[in-house]
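A short worksheet on the structure shown next.
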Amino acid sequence: MQAARQYPQRADGKAALIELQRAVKVYGGGAASVRALDGIDFAIQAGEFVAIMGPSGSGKSTAMNVLGCLDTLTAGRYLFQGVDVGNLARNQRALLRRHFIGFVFQGFNLLARTTALENVELPLVYRGMPARERRRRAADALGRVGLSGREAHTPAELSGGQQQRVAIARAIVTAPDVLLADEPTGNLDTGTSREIMKLVTSLNRDQGITVIMVTHERDIATYAPRIVSFLDGRIASDVRNRDAA
Amino acid sequence: MLWRAIRLALQAIRRNALRSFLTVLGIVIGVGAVIAMVTIGHGTTERVTSDLQKLGSNLLIVRPGQSAMRGPGAAGAEADPFKERDLQALRQQLYEVRAVAPVASRAVTAVFGNENWNTRVTGTDNAFLAVQDWNLVAGRRFLDSELRAGRAVCIIGATVRQELFGRRDPIGERIRLRKIPCEVIGLLEAKGETSFGTDQDDTVLLPLRAFHRRIAGDTDIATIMVSAADTADTAKVQADIERLLRERRHISPGEDDDFYVRDMKQVITMMAGTTSVMTGLLGAVAAVSLLVGGIGIMNIMLVSVTERTREIGIRLAVGALERQVLLQFLVEAVVLSLFGGTVGIVLGLGLAGAAVELLDIPFVFDPAIVVIAFVFSAAVGVIFGFVPARRAARLDPIEALRHE
């Protein structure tokens, strides 16, 4: 994927980290087809923390899947560091995910009956990193999310907030260019949600990780300095949030 | 990468230990059956061959009638039986022959004191012992005078001794065969059963003339056994016998023989052939159960892929390539089937070992069949694991992550 970085940059010499151009995503065909994304244009620069809001069915999850290279557009372009992801094969998109993107999901999505350390190691395994190095980095990532000492616990032995921290550790262990969080607090109580959001905010502010977060909760979205609202597959608003924590 | 996949597979198998075991049961039974069948088959072949070789591989059996290969006794009744003068002629005119023995027998009840026993009485002479390579453990052979006069003296087998005399010394005692008193002069060494289940020791030998006069009431010789010299060409001896008997029985050129000469070497070859065909057939039947076992593995792997859809989604999301997921599930199927194969090999050898004891045949360990079984079970894993593994690898990560 090193070649990706050699793609032509924009005229101003500063490629956006992520850019959607007239992005359209249609599910199904004929009369029953749904335009989940109906001509979206927006760009995210490296180091940003963006919340994507909107009611269910507004297209925010679809946008997330596209940004995460899990799904491809029906029309328009998705440029990741200037690379048109639409032109990439399935395996190449997997490599993009492996090297540049970290995921955090609403349902945590940890491997059951697998220790926290092994869960965090997983992305490094597919990079073919030697076991010793892998373990060191995974332990380090767990430390960064405040879970030192829980390496040997399985998800069943951890609280929801701790599980989400493990998931965040797994997302950042590869030092990704962007962290994609899909309703990261959706399964958590208010207190725990606040802790997780503090962690995410500090990852963005102190460690410079670009964060894109999908949520339908305004409270959660206000942690982000930029809030993009979706409605019916279009962008309804794209505002700076001066109150960001 | 492969080593990691193997470790992952072992983990997954251990987590579902009971299910994994039930899954591979088909393979275990299939491989076990193949191994057991083939090992027992080899043992039987070896036993039959060595039994027939004990009979003497230089042995030629001459009988009246047409070739028994077409069915025993069918034409035998019509052809003239051999007489003592045929025996004399063969003894005088054959070269490169170790011994020529007459055989004529009847089923007879032998009585001693209060004991009686149904056995087989054979009229013959000392050549019979040479042809059969049979030694005496007590007493003596027939004397020439006894043979010439047809004296009522007999040599008994170990079973007859056991049934009539128990542990007593039979030599010098008189037994009755069809009311004819007969002195026991010798005891044969025990030979045991043939692989066809006949007890060779259940026999009483009588001088041929005594047999003719007192038991049979005729002068027929049912079989002549010819033992060729070790250095002799049995085919040539066989040709000599045929030429001689055709002449004696006035068979004109072009006419079919009304007797046949069977070379035991051919019989050995034929029997070994039959048993190896049987082994092959049994092995083929067992191989079918391997196929069934493979389908079992495919079934469970498909279930496993469905169950672990979410896990697969996570792996794909963090950047696993299609082929890495494929490898993971393929390795799991192969590890499963190899595990089944290994258990099956051990089980099969154990079964064969027990059967071999029971059937009293030699245990013939064939490393080739073990290797074949091992390779075959690996192949079953690859073949039947491929479809589920490909299904796993081709899952849509979004769908997979949403899967409950």
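Values in this document were obtained by computation on a predicted structure and should not be read as measured data. Below, chain A is the first sequence line, B the second, and so on; all start at residue 1. Only heavy atoms go into these numbers, but all of them, side chains included; no hydrogens, no water, no symmetry mates.
The part of A:Ala112 that comes within reach of chain B is its backbone (N, CA, C, O), which places non-hydrogen atoms under 4.5 angstrom from that chain. Using a 4.5 Å cut-off between heavy atoms, B:Leu316 contacts chain A through both its backbone and its side chain. Only the backbone of B:Ala393 comes within contact range of chain A, judged by heavy atoms closer than 4.5 Å. Within the 4.5 angstrom heavy-atom criterion, only side-chain atoms of B:Gln328, from C-beta onward, approach chain A. When heavy atoms are compared at a cutoff of 4.5 Å, A:Ile101 does not approach chain B at all. In this structure, no portion of A:Arg93 lies under 4.5 Å from any heavy atom of chain B. Heavy atoms closer than 4.5 Å to chain B are found in both the backbone and the side chain of A:Arg113. Proximity to chain A is limited to the backbone of B:Arg394, based on heavy atoms less than 4.5 angstrom apart.
Residue A:Phe49 qualifies as enclosed at atom CZ: its count of foreign heavy atoms under 6.0 Å is above 12. By the 6.0 Å contact criterion, CZ on A:Arg90 is enclosed, its count of non-hydrogen atoms from other residues, nucleotides or ligands being greater than 12.
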Candidate pair B:Glu46 and B:Ile361, rule side chain to side chain contact (heavy atoms under 4.5 Å, CB included), full reasoning: CA-CA 8 Å; B:Glu46 187 141 308; B:Ile361 54 178; over 6 Å; no
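Within the 3.5 Å criterion, the main-chain N or O of B:Glu322 finds a donor-acceptor partner in the side chain of A:Asn91. Between the side chain of B:Ser377 and the main chain of B:Ala373, a donor-acceptor pair closer than 3.5 Å is present. Here the side chain of A:Asn204 pairs a donor or acceptor atom with the backbone of A:Ile209 at under 3.5 angstrom.
Atom CD in A:Gln162 sits 11.5 Å away from atom CG in A:Leu110 (nearest 0.5 Å).
Note: B:Arg310 leads B:Glu311, B:Arg310, B:Arg308 in heavy-atom pairs under 4.5 Å with chain A.
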